[in-house]
Every structure is written in C-alpha cells, then in structure tokens.
Amino acid sequence: MKAQSANTTTESTIQNDFIRQIIAEEVKTNKNEEQVVTRFPPEPNGYLHIGHAKSICLNFGIAAEHEGRQCYLRFDDTNPSKENLEYVESIKTDVHWLGYDWGDRLRHSSDYFDQLYDYAIALIKMNKAYVCSLTTEQIKESRGTLRDQGKNSPYRDRSISENLDLFERMKAGEFADGEQVLRAKIDMASPNLNMRDPIIYRIKKMPHQMTGEKWCIYPMYDFTHCLSDAIEGITHSLCTLEFEDHRPLYDWILDTLKTPRHPQQIEFARLSLNYTVLSKRKLQELVENNLVSGWDDPRMPTLSGMRRRGYTSSAIRDFCDRIGVTRKNTQIEMGALENCIRKDLEAKTVRVMAVLKPLRVVIENYSEDQVEQLDAPNHPDDASMGTHQVPFSRVLYIEQEDFLEAPPKKFFRLAPGREVRLRYAYFITCQAVIKDEKGDIVELRCTYDPETRGGSAPDGRKVKGTLHWVSESHAIKAEVRLYDRLFNHPNPGADGSDFKAALNPNSMEVLSDTLVEASLANAQAGVRYQFERKGYFCVDPVDSSKEALVFNRIVTLRDSWAKIEKANKRA
RNA sequence: UGGGGUGUAGCCAAGCGGUAAGGCACUGGGUUUUGGUCUCGGGAUCCCAGGUUCGAAUCCUGGCACCCCAGCCA
C-alpha cells in the first residue's frame with residue numbers, strides 16, 4: 001500500500017463553485033428540459049495555456065457531471081486574418097492531452113456562416129439592422145465616449161430594401177474592406193458601449209481556413225457566439241469576466257431573433273498566475289522575438305510547454321480544481337501549481353540517482369577491480385513499484401554542494417573527517433581533500449566501512465546525512481536543463497513597462513556534465529523520474545536521444561536546507 | 001459626478017442571519033537510509049462607517065479601494 005493518502009490525483013475534490021450551484025438549482029427546478037450542455041470555444045490564433053486549462057476543466061468538467069456529458073469543442077474562427085490550422089491542431093492535441101474528449105461534437109463557428117447570414121437577413125427584415133457606410137474613423141467618433149452618448153449614423157434609417165440590397169452586394173464583393181458594415185440597430189445613447197449599434201458583419205477580402213474563398217464578409221464575435229451557442233443547444237455559455245458587458249447584447253440578439261433556445265451566459269474570473277504571463281499576444285511576442293525556443297519551450301505556461309517540461313495533465317486538472325471558480329480577479333502563486341505537480345509525481349515517480357555537478361570521490365580502502373550491485377527501491381513508500389540495481393565501485397561522484405571544507409551549523413553533509421551515508425550503499429568518511437593549483441577542490445579521498453553495506457551500521461551508530469552518488473565507470477553523461485520561473489517580477493509589465501524587461505535571464509541553466517546512474521541508459525522520451533534529493537526530471541521529448549540524454553527539470557523538491565541556508569546568511 | 005463588476009489570513013477559497021471549512025505559503029514538534037514523503041500543532045471577527053436584529057462575514061444605507069468597457073479582435 002502506498003503511504004500517502006489515496007485521493008491525490010485519482011479522486012478529484014467535489015467542486016461546488018457558484019456556477020455549479022446555479023446549474024444545480026436549475027436542474028432541480030427543471031428549468032432546462034434538455035440536459036446541461038457546455039462548450040469550450042477557443043479562437044485558433046495561438047497555443048493554449050494554463051489559463052485555458054481552467055476553462056476546459058470547467059466546461060468539460062461540468063458536462064461530465066450531468067446526463068449526456070456533452071461539451072462541444074468549438075473553434076471560434078470568425079477572423080481569418082488571425083487564425084490558422086496549426087493552432088487548430090495544437091488545440092485539439094492539448095485538449096485531448098488534458099484528458100477530455102469532445103466525441104462527435106467538434107465544431108467551427110464557420111460551420112454556421114450560412115445560418116448566421118440568414119439570421120442577419122432576418123434582422124434587417126425586422127428593421128433591426130442596417131448597412132452603415134461610415135468610415136472606421138467616423139464610426140469611432142459617432143460612438144461617443146464612456147461619458148458621452150453616441151450619435152446616430154446618417155445611414156441608420158435606410159429602408160429595409162436598401163439594406164437588403166447593400167448587404168447582398170457586400171456579400172458579393174462589390175465593396176472594398178471597410179467600406180460598409182452591417183450594424184445592429186439598438187441604442188446609440190446606451191451607457192453600455194456594446195449596445196451602441198454594434199457592428200455585426202464586416203468585409204474582409206481574404207480566404208478563410210475552413211471556408212476558403214466562399215465569403216468576403218465575416219460575422220463579428222458578438223453576433224456569432226450567441227447564435228452558435230443557440231444552434232448547438234448550449235445551455236450554459238461560460239466565459240470570462242470581460243464579456244460581462246456583452247451579455248446584454250448576447251441576450252438582445254437571441255431575444256430579437258427569437259431563437260428556439262436561449263443559452264445563459266455566466267462569467268467567471270480568468271486565471272492569472274504570478275511570475276509569468278497568460279496572454280496569447282504576449283506569449284506570441286516571446287516566440288516571435290526568439291526569447292524562448294517556441295510555443296513548447298519548457299518555460300512557457302502553454303500546455304505544450306508544460307507537457308514538454310514534464311508536467312502531468314492530472315496535476316494541471318488538480319490545480320484547476322484547487323484554485324476554484326469565482327468572479328474575483330485574483331493572482332495565484334506559482335507555488336500552488338508547483339505543489340500540484342510535486343504531489344502527483346511524488347506518488348508516481350521512480351527514484352534514481354543523478355549527480356548534477358559532480359565531485360570525484362575515491363574510496364581508498366575499496367579495491368580497484370571490485371564492483372557491487374546494490375538494491376535500490378524504485379519508491380521508498382511503495383514496494384509494488386519494485387527495485388533496481390546500482391553499481392558501486394572505488395571511484396564515485398557526489399554532488400559538489402554536498403561537501404564543505406568548513407561546514408556551517410546544521411550542515412549534515414560531508415566535511416573533512418565526517419562520516420555520511422551514501423544512499424543504498426555504505427557509510428564513508430572523508431579523509432583528505434585534494435585541490436588543484438588554484439585551490440579548487442578537485443577530489444575527495446574517503447574510506448568506507450564494509451560493515452555498513454546497504455546503509456546501516458550493525459553497531460547502531462547514526463549519521464545525519466545521506467548523499468546520492470554515481471559510480472564513475474558506470475555513470476552515463478547527460479545534459480540537464482534546470483528551469484526556473486520565466487520572469488523575475490511577480491506581475492511582468494504591471495508597472496507600465498515592457499513585460500519583456502522582467503524576463504528572468506537565469507530561467508534556464510544548462511548542465512552538460514551531469515552524471516546519471518546506469519539504469520537510465522534506456523530512459524524513454526517523456527518519462528519522468530525523481531532524481532533523489534534534487535527534484536523531478538523528464539526526458540526531453542524533443543532533444544533527447546539514446547546517445548545523448550537530455551533531462552528537463554520539472555520542479556525541485558521542497559528544500560528545507562535551502563531555507564536554513566538563507567536564514568544563516570541573513571543572520 | 002457613464003455603465004458593469006469585485007472586496008473573508010501572505011496567496012487561493014468555503015460560508016447564503018446563529019456565532020469564521022479546507023488548500024498553498026509560513027512556522028514549531030514527531031517519523032524518516034531523499035534536509036523528500038508522511039504526521040501532529042500554530043494564525044483572521046470577514047474593506048470602512050452607520051443601521052436592522054436577541055444575534056450580521058451574511059440584510060439595509062453611505063463611503064472607500066481595485067478590475068473591465070470607447071477593435072470593422074475574441
């Protein structure tokens with residue numbers, strides 16, 4: 001049996017956020033005769049990030065909790081100038097990886113272009129929409145400001161037949177981009193800017209990733225989204241807070257067109273994480289300026305980046321469960337995310353030894369030609385995970401930071417004359433320190449106690465420190481990439497400066513002389529390990545090969561010695 | 001002195017008139033062949049001010065702070 005509690009990743013906490021409460025109440029009072037249906041509606045104009053994961057978990061999660069289990073994956077592709085198929089594919093990959101399946105409910109807003117066009121015609125016929133011939137600047141001017149109401153367009157009272165004709169000609173390509181737009185006729189005096197005769201169709205003479213050359217007019221988000229929801233039979237249209245002001249328009253369109261269904265829009269706060277940025281625009285900027293290696297750079301908060309880094313989807317789902325869903329703008333600490341991945345990996349990961357920054361150790365009383373295979377459990381608290389063997393010999397390497405000539409208080413590791421345990425092996429005592437001409441330590445001469453094989457002394461004597469190690473002649477050289485937070489400011493760019501100025505120059509440290517234990521010879525791409533005492537690592541799926549292993553550090557272990565060290569320095 | 005939102009511990013977050021859950025972080029102890037894990041313990045009177053009530057984080061009034069909105073982006 002595992003020592004830790006069972007509900008780390010398999011059982012998720014029962015969620016009862018305000019949205020689920022609303023839905024539960026409605027189900028109870030049978031408001032929706034149909035079942036609960038949701039949708040995740042990304043625009044394919046970038047890669048998904050951890051913020052999208054929150055929405056995915058919410059939408060697919062809620063659907064899964066109700067009869068029918070329906071959640072659509074809908075690409076909101078109404079702007080061909082920003083969208084492309086590469087993004088579509090990456091989004092599908094990421095949603096699946098996160099553990100969700102849309103079944104046969106894959107849709108594009110562009111699937112509805114014909115219906116949307118008909119709805120626009122209907123609006124015109126109801127005298128609720130008109131073609132406006134004002135220029136972009138004129139529309140902007142007449143819209144008014146936050147304080148002052150707008151002015152009616154001189155084209156607002158065109159006849160229905162003229163509007164029908166003009167709209168038809170817009171569709172036929174008779175006008176240039178920007179020359180005409182279709183606007184909903186609502187109220188230019190509304191205090192809500194979205195209601196001041198919003199544009200619902202614009203001319204864009206460019207091919208669309210899905211519909212090709214068929215259209216040169218494209219519907220705007222506000223017109224498209226509510227109708228797409230209605231067409232699909234979405235019952236609850238969950239979106240982020242900035243769309244709150246759009247809800248009256250969402251409702252106006254559906255009410256005015258008397259759609260058979262009227263989904264309910266509910267807004268929640270988007271995720272914000274400190275020490276990173278979660279905005280497709282900013283992430284794209286990092287990619288385009290080569291400040292990271294790509295959308296899947298392991299330092300990126302994108303799902304593809306986190307996946308490559310070694311994050312598990314279960315940890316991300318757990319994270320989304322823990323942060324909750326509210327209407328409060330908050331900033332979550334990176335530590336909360338790290339806690340989730342540590343917790344997940346703690347239970348699942350095989351323990352191995354890897355010396356990141358090696359220091360040579362010669363065991364003087366161990367014969368040169370001897371090699372012992374020592375048993376090492378794969379997991380200290382889960383015998384069912386089995387064991388593996390690690391070779392021990394006369395020349396070893398330990399971590400440089402595990403030896404100090406002049407150890408401070410509470411330093412339990414190796415020092416001249418001190419005895420420590422080599423994990424799963426023997427107690428060793430440092431007898432001499434060898435330095436080069438510059439005075440740098442290059443080697444330690446130690447002795448071992450043959451009686452302590454396996455790591456405990458028959459006489460009952462204790463040692464405070466246990467070090468990880470590798471055997472020189474058996475170890476495998478590997479590259480290790482130590483990742484740290486991408487930014488060194490909790491809220492990059494918040495003070496009005498360029499967010500890129502807050503980039504952490506030390507967000508990646510590449511170690512090329514790392515030595516890993518022999519059992520890692522066949523480490524497969526994407527597999528995660530715990531390097532004992534150092535952290536969780538993942539075989540890089542892109543750059544690693546059997547000949548040249550590359551490991552990414554997913555996250556460090558909690559390090560209480562680092563805290564003591566810090567406190568020592570302060571004192 | 002336009003409209004829409006939000007304010008519970010350092011960070012999240014329950015609470016829905018009956019006397020402040022939980023998690024993360026921090027911190028103290030125990031266990032431990034990872035200074036890991038596990039485990040036990042420690043912190044708030046709920047933005048402020050009035051009011052209603054036997055009783056308010058929860059209701060009312062008035063403030064204050066912060067966020068969002070003036071793309072032919074989503």
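Only heavy atoms go into these numbers, but all of them, side chains included; no hydrogens, no water, no symmetry mates.
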Is A:Lys328 near enough to B:C66 that one of its side-chain N or O atoms lies under 4.0 angstrom from OP1 or OP2? no
Expected list for residues 74-86 of chain A near RNA chain B, using heavy atoms below 4.0 Å, is A:Asp76, A:Thr78, A:Asn79, A:Lys82
How is A:Lys464 classified with respect to the nucleic acid when contacts are heavy atoms under 4.0 Å: base, sugar-phosphate, or nothing? nothing
Taking B:C72, B:U37, B:A70 as options, the one with an atom nearest any side-chain atom of A:Glu346 is B:U37
Per-pair distances, 0.1 Å, donor-acceptor, side chain in residues 187-196 of chain A, under 3.5 Å, sequence neighbours excluded:
| residue | atom | partner | partner atom | Å |
| --- | --- | --- | --- | --- |
| A:Asp187 | OD1 | A:Ala189 | N | 2.8 |
| A:Ser190 | OG | A:Asn192 | N | 3.0 |
| A:Ser190 | OG | A:Asn192 | O | 3.2 |
| A:Asn192 | OD1 | A:Asn194 | N | 2.9 |
| A:Asn192 | OD1 | A:Asn194 | ND2 | 3.2 |
| A:Asn192 | ND2 | A:Asp245 | O | 2.8 |
| A:Asn194 | ND2 | A:Asp245 | O | 3.0 |
| A:Arg196 | NE | A:Arg143 | O | 3.0 |
| A:Arg196 | NH1 | A:Ser190 | O | 2.5 |
| A:Arg196 | NH2 | A:Arg143 | O | 3.1 |
| A:Arg196 | NH2 | A:Thr145 | O | 2.6 |
| A:Arg196 | NH2 | A:Asp148 | O | 3.0 |

Non-neighbouring partners of A:Glu372 that pass salt bridge (Lys or Arg N to Asp or Glu O under 4.0 Å), sequence neighbours left out: A:Arg453
Rounded distance (nearest 0.5 Å) linking atom CD of A:Glu399 with atom NE2 of A:His468: 3.5 Å
For B:A13, the nucleotide meeting Watson-Crick or G-U wobble distances (both under 3.5 Å) is none
Strictly below 4.0 Å: does A:Lys204 bring a side-chain N or O up to OP1 or OP2 of B:C72? no
Mind telling me whether B:G71 is syn or anti, cutoff 90° either side of 0? syn
Classify A:Ser142 by what it touches in the nucleic acid, base, sugar-phosphate, or nothing, heavy-atom distance under 4.0 Å. nothing
May I ask you to verify if any side-chain N or O of A:Lys343 is less than 4.0 angstrom from the OP1 or OP2 atom of B:U37? no
Can you check whether any acceptor in the base of B:G36 is under 3.5 Å from a donor in the side chain of A:Gln530, or vice versa? no
Between A:Thr136 and B:C72, is there a contact of a side-chain N or O with OP1 or OP2 at under 4.0 Å? no
Less than 4.0 angstrom between a side-chain N/O of A:Arg202 and OP1 or OP2 of B:C73, yes or no? yes
With both distances kept under 3.5 Å, what pairs with B:C66, Watson-Crick or G-U wobble? B:G5
Pick base, sugar-phosphate or nothing for A:Ile199, based on heavy-atom distances below 4.0 Å to the nucleic acid. base
Does A:Glu43 have any salt bridge (Lys or Arg N to Asp or Glu O under 4.0 Å) partners at least two apart in sequence or in another chain, and if so, which? none
Mind checking what makes side-chain contact (heavy atoms from CB on, under 4.5 Å) contact with A:Glu565, not counting sequence neighbours? A:Trp561
Quick check with a 6.0 Å cut-off and a 45 degree axis cone: is A:Arg107 positioned over the face of A:Tyr72's six-membered ring? no
Can you tell me the base-pairing partner of B:U52? Count Watson-Crick or G-U wobble geometry only, both distances below 3.5 Å, and say none if there is no partner. none
What's the closest nucleotide to the side chain of A:Thr330 if the choices are B:G71, B:G36, B:A13? B:A13
Side-chain atoms of A:Asp245 come closest, of B:C72, B:C16, B:G4, to B:G4
Answer yes or no: does a side-chain N or O of A:Gln284 lie under 4.0 Å from OP1 or OP2 of B:C73? no
Presence of donor-acceptor pair under 3.5 Å, side chain of A:Arg351 and base of B:U34: yes
Test of understanding: with side chain to side chain donor-acceptor pair (under 3.5 Å), list the residues that count as partners of A:Glu333, not counting sequence neighbours. none
Counting only side-chain nitrogens and oxygens, does A:Lys534 get under 4.0 Å of the OP1 or OP2 atom of B:G36? no
Does A:Arg423 place a side-chain N or O at less than 4.0 Å from the phosphate oxygens OP1/OP2 of B:G36? no
A:Asn16 side chain, from C-beta outward: closest of B:G15, B:U37, B:G23: B:G15
